[in-house]
Amino acid sequence: MIEARHLRVLRAVSATGSFSAAGRELGCTQPAVSQQMKALEASAGTPLLIRSGREMRLTQAGEALVRHAAGILAGLTAAEEEVAAIAGLRAGRVRLVSFPSGSSTLVPTALAALRAAHPGTRVSLEEAEPPQSVELLRAGDCDVALAFRYEGAAGAPEGEWDDLVVRPLLTDRLVALVPERHRLARAESVAIGELAREPWIAGCPRCRGQLVEVCEGAGFTPRIDFATDDYPAVVGLVGAGLGVAVLPQLAIESVRPRGARTVTLEPAVRREIVALTLPDLAQVPAVAATLDQLALAAGQK
């Protein structure tokens, strides 16, 4: 295998015409230059220099190698500089996937801080709910996944994130959302069983499953009249008096609940918000910086 350091020596010998002069240019001794040239000729499998007295000239193979060396070394230098820029956060790319309420609350604050601190780092954003977002991470289609899971949820696979680096961000409590003229709109808190006879508006599939599980735990099955992944649509339907809903507090923060009121839900139902990445990706400076900024943004909530 031809090594870059040997190519640098060959180019210096070609330019100066002797081992001694090449050594002075490279900052090493004449024997060191001679030793590296022997190693390069062994790798090439053919002589590269013809020595005649004090004169030294390249063989045809040596000329060919010198001709290619300039491009090879220039490309290697460019690669080294690009890697150094990425390592030093002067460049880099992070592909982030987030669920919608995270995209509208945690992500903007985190990415604004990341851009201010490291303007050369670029972050792309796509939206997906877990478990799809986690599947994208494992498939190599993103670098960081913002995800959530409900505390004590039935059917959650044990150790579902054991192969990933898990950065806890915050605990998000669910709240009841009722029309502003609802009989419970002024209540300090509400038990979910008090809403048993109400029509329901449900959210994303995972949230919908959690709603049914909590309601059944309270002794009833919710009558779901409307289902939508769009949180503003949920709020709008509740505000129009078409039903009640249970939403994460993070989702309420991103929407102005016109015509609707939030009421504390008892007993508390919570979801854990985390940032996930792969173990090797956690060592990449731009990914680590993104995780740090997401944690700082969550701390402000």
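Side chains are part of it too, since the values below use all heavy atoms of this structure and drop only hydrogens, waters and symmetry mates.
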Between the main-chain N or O of [Y] and the side-chain N or O of [X], is there a donor-acceptor pair closer than 3.5 Å?
| X | Y | result |
| --- | --- | --- |
| Ser101 | Leu250 | no |
| Thr290 | Ala286 | yes |
| Ser34 | Gln30 | no |
| Glu194 | Ala191 | yes |
| Arg173 | Leu265 | yes |
| Ser133 | Val97 | no |
| His182 | Leu184 | yes |

Between [atom1] on residue [X] and [atom2] on residue [Y], distance to nearest 0.5 Å:
| X | Y | atom1 | atom2 | answer |
| --- | --- | --- | --- | --- |
| Asp143 | Leu137 | CG | CG | 8.0 Å |
| Arg271 | Arg149 | CZ | CZ | 13.5 Å |
| Leu169 | Leu146 | CG | CG | 6.0 Å |
| Glu3 | Arg8 | CD | CZ | 11.0 Å |
| Leu48 | Arg57 | CG | CZ | 13.5 Å |
| Leu26 | Arg5 | CG | CZ | 12.0 Å |

Whether over 12 other heavy atoms sit under 6.0 Å from [X] [atom1]:
| X | atom1 | result |
| --- | --- | --- |
| Glu126 | CD | no |
| Gln35 | CD | no |
| Arg115 | CZ | no |
| Glu80 | CD | yes |
| Asp163 | CG | yes |

Any side-chain heavy-atom pair of [X] and [Y] under 4.5 Å:
| X | Y | result |
| --- | --- | --- |
| Val144 | Leu276 | no |
| Val234 | Leu247 | yes |
| Tyr150 | Val214 | no |
| Leu291 | Thr277 | yes |
| Leu136 | Val134 | no |
| Asp172 | Arg270 | no |
| Ile2 | Leu40 | yes |
| Ser104 | Phe99 | no |

Checklist line | Leu114/Val94 under side chain to side chain contact (heavy atoms under 4.5 Å, CB included): CA gap, chis, key distance, verdict | finding: CA-CA 11 Å; Leu114 183 67; Val94 178; 5.6 Å; no
Checklist line | side chain to side chain contact (heavy atoms under 4.5 Å, CB included) assessment of Arg186 paired with Arg261 | finding: CA-CA 8 Å; Arg186 306 290 177 183; Arg261 287 184 177 272; 2.6 Å; yes
Grouping I, L, V, M, F, W and Y whenever their side-chain heavy atoms are under 4.5 Å apart, do [X] and [Y] come out in a common cluster?
| X | Y | answer |
| --- | --- | --- |
| Val166 | Leu170 | yes |
| Val269 | Val175 | no |
| Val107 | Leu296 | no |
| Val13 | Leu65 | yes |
| Val33 | Leu7 | yes |

Any idea which heavy atoms bring [X] and [Y] closest together, and the distance?
| X | Y | result |
| --- | --- | --- |
| Leu58 | Ser14 | CD1-OG, 3.5 Å |
| Pro205 | Asp229 | CD-OD1, 3.5 Å |
| Phe226 | Leu237 | CB-CD1, 3.9 Å |
| Trp200 | Cys215 | CZ2-SG, 4.3 Å |
| Arg206 | Pro131 | NH1-N, 4.0 Å |
| Pro168 | Val274 | CA-CG1, 4.1 Å |

Margin query: With salt bridge (charged side-chain N to carboxylate O under 4.0 Å, His left out) as the criterion, how do Arg208 and Glu129 come out once you've worked through the C-alpha distance, each side chain's angles and the decisive distance to 0.1 Å?
Written below: CA-CA 12 Å; Arg208 202 173 309 154; Glu129 298 276 356; over 6 Å; no
Check: Can a donor-acceptor pair be found between the side chains of Glu266 and Ser189 at a distance below 3.5 Å?
Finding: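 Glu266 vs Ser189: no donor-acceptor pair found between side chains.
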Next item on the list: Would you please test Glu198 and Arg183 for salt bridge (charged side-chain N to carboxylate O under 4.0 Å, His left out) and show each step?
Entry: CA-CA 11 Å; Glu198 304 285 344; Arg183 58 188 173 82; 3.4 Å; yes
Next item on the list: Dump the intermediate steps for side chain to side chain contact (heavy atoms under 4.5 Å, CB included) on Thr59 and Thr46, then the final yes or no.
Entry: CA-CA 9 Å; Thr59 64; Thr46 186; 5.8 Å; no
Notebook entry, point to check: Can you check side chain to side chain contact (heavy atoms under 4.5 Å, CB included) on Arg167 and Leu294, steps first, answer last?
Noted result: CA-CA 9 Å; Arg167 185 72 171 267; Leu294 286 168; over 6 Å; no
Notebook entry, point to check: Can Glu127 and Ser103 be said to form a side-chain hydrogen bond (donor to acceptor under 3.5 Å, both in side chains), step by step?
Noted result: CA-CA 7 Å; Glu127 288 194 340; Ser103 298; 3.1 Å; yes
